[in-house]
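Written below as structure tokens is the structure these notes are about.
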Amino acid sequence: MSSVIELRNLNKRYGDTVAVRDVSLTVEPGEIFGIIGPNGAGKTTTVEMAAGLRRPDAGTVRVLGLDPQRDGRDLRRQVGMQLQEAALPDKLRVGEAMRLYASFYPHPADWRELLDVLGLSAKRDTAFGKLSGGQKQRLSIALALIGNPKVAFLDELTTGLDPAARRETWDLIESVRNRGVTVVLVSHFMEEVDRLCDRIAVIEGGRVLAVDSPAGLIGAVSADQRIRFVPETPLPAGFLSGEPGVSVDASGRAVVVTGGGDLLFTVVSALAAAGIRPRELRMDQTTLDDAFLALTGRHLGND
Ligand code: ADP
């Protein structure tokens with residue numbers, strides 16, 4: 001089956017600002033595809049070009065085989081878009097907004113059920129302007145899914161939600177994907193993309209720095225593991241010095257051993273042979289944030 005989304009050499013500038021430089025990406029059917037990067041990286045511009053909301057200066061976009069510029073009408077029926085700030089008239093009630101949006105699509109979802117899933121049933125008669133930030137966010141997700149889309153673009157899905165609502169939203173996105181929807185998720189939450197995404201594009205300065213699974217991105221940074229422990233008695237001189245690729249830093253209270261292979265077994269065996277009991281033994285895993293740091297030279301500042 002061919003890709004659901006194909007972006008080829010997309011470029012976009014706003015005046016002197018180059019927002020997107022030569023971005024090429026493909027998203028496969030049924031994937032949850034993440035786009036991460038710092039503010040201003042070009043994530044929203046990329047997604048808006050894919051969804052047909054912005055015209056690229058150069059490059060081609062195909063979504064479900066359609067060209068958003070040429071086949072916009074056809075495409076809009078099959079694509080759901082959650083915008084960063086869902087701007088609805090303040091007086092429009094939640095139920096009215098859902099009915100209105102449902103009327104745009106040939107085969108809409110049951111909007112009452114969608115409100116129920118998103119915990120908004122009790123707000124059905126509440127005006128948009130009276131909703132909290134989190135409720136507006138959930139409504140924007142509901143509106144993105146109302147048309148039973150084949151592809152959903154979700155921009156800053158859980159920004160403004162509390163941790164519990166964020167987790168519930170993740171479950172919802174997984175259930176959406178399990179119904180066969182391809183999901184493109186713009187996020188600056190590492191935990192979110194790590195948990196949800198099959199593949200992630202790391203974008204900075206309008207360029208794609210890497211595309212891989214979370215495990216692939218992490219694996220590319222370092223195959224090394226790090227083990228820390230506090231030895232109950234001092235380590236013998238030359239501890240683990242005979243092990244290739246293993247380095248030991250015993251300068252502090254905690255000893256830090258870095259290396260690849262079956263490092264935990266190597267360390268624990270050597271300690272046992274020396275009759276030393278490790279206290280506070282801990283193994284540090286490389287995280288997606290480490291991978292991001294290695295790619296971009298900075299942490300992704302989460303709020
Ligand atoms: P992100 O979604 O990663 O935060 P954006 O795609 O929103 O990045 O923005 C990329 C760059 O383009 C930024 O430098 C931003 O200031 C600029 N930009 C975005 N939209 C506009 C616009 N409508 N007019 C001028 N500059 C814009």
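Counting starts at 1 for both ligands and their atoms, following the listed order.
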*Do E204 and T296 get their side chains close enough for a donor-acceptor pair, meaning under 3.5 Å?*
no
*Quick check: are there more than 12 heavy atoms from other residues, nucleotides or ligands sitting under 6.0 Å from CG of N39?*
no
*Do the side chain of K43 and the main chain of G37 share a donor and acceptor less than 3.5 angstrom apart?*
yes
*Shortest heavy-atom approach to atom 8 (O) of ligand 1 - which of G42, G37, A19*: G42
*Does ligand 1 have any atom sitting under 4.0 Å from a heavy atom of P38?*
yes
*Please identify which atoms of ligand 1 are closer than 4.0 Å to at least one heavy atom of K43.*
1 (P), 2 (O), 3 (O), 4 (O), 6 (O), 8 (O)
*When you look at T287 and D290, which way does the side chain to side chain donor-acceptor pair (under 3.5 Å) test go after all the steps?*
CA-CA 5 Å; T287 63; D290 296 325; 3.2 Å; yes
*Between D22 and R207, is any pair of side-chain heavy atoms under 4.5 Å apart?*
no
_Polar proximity ligand 1 side, T46 side, N/O cut 3.5 Å exclusive_ = no
*Is there any N or O on T45 that sits under 3.5 Å from an N or O of ligand 1?*
yes
_Under 4.0 Å from a heavy atom of N39: which atoms of ligand 1 are those, numbered in the order shown and with their elements?_
4 (O)
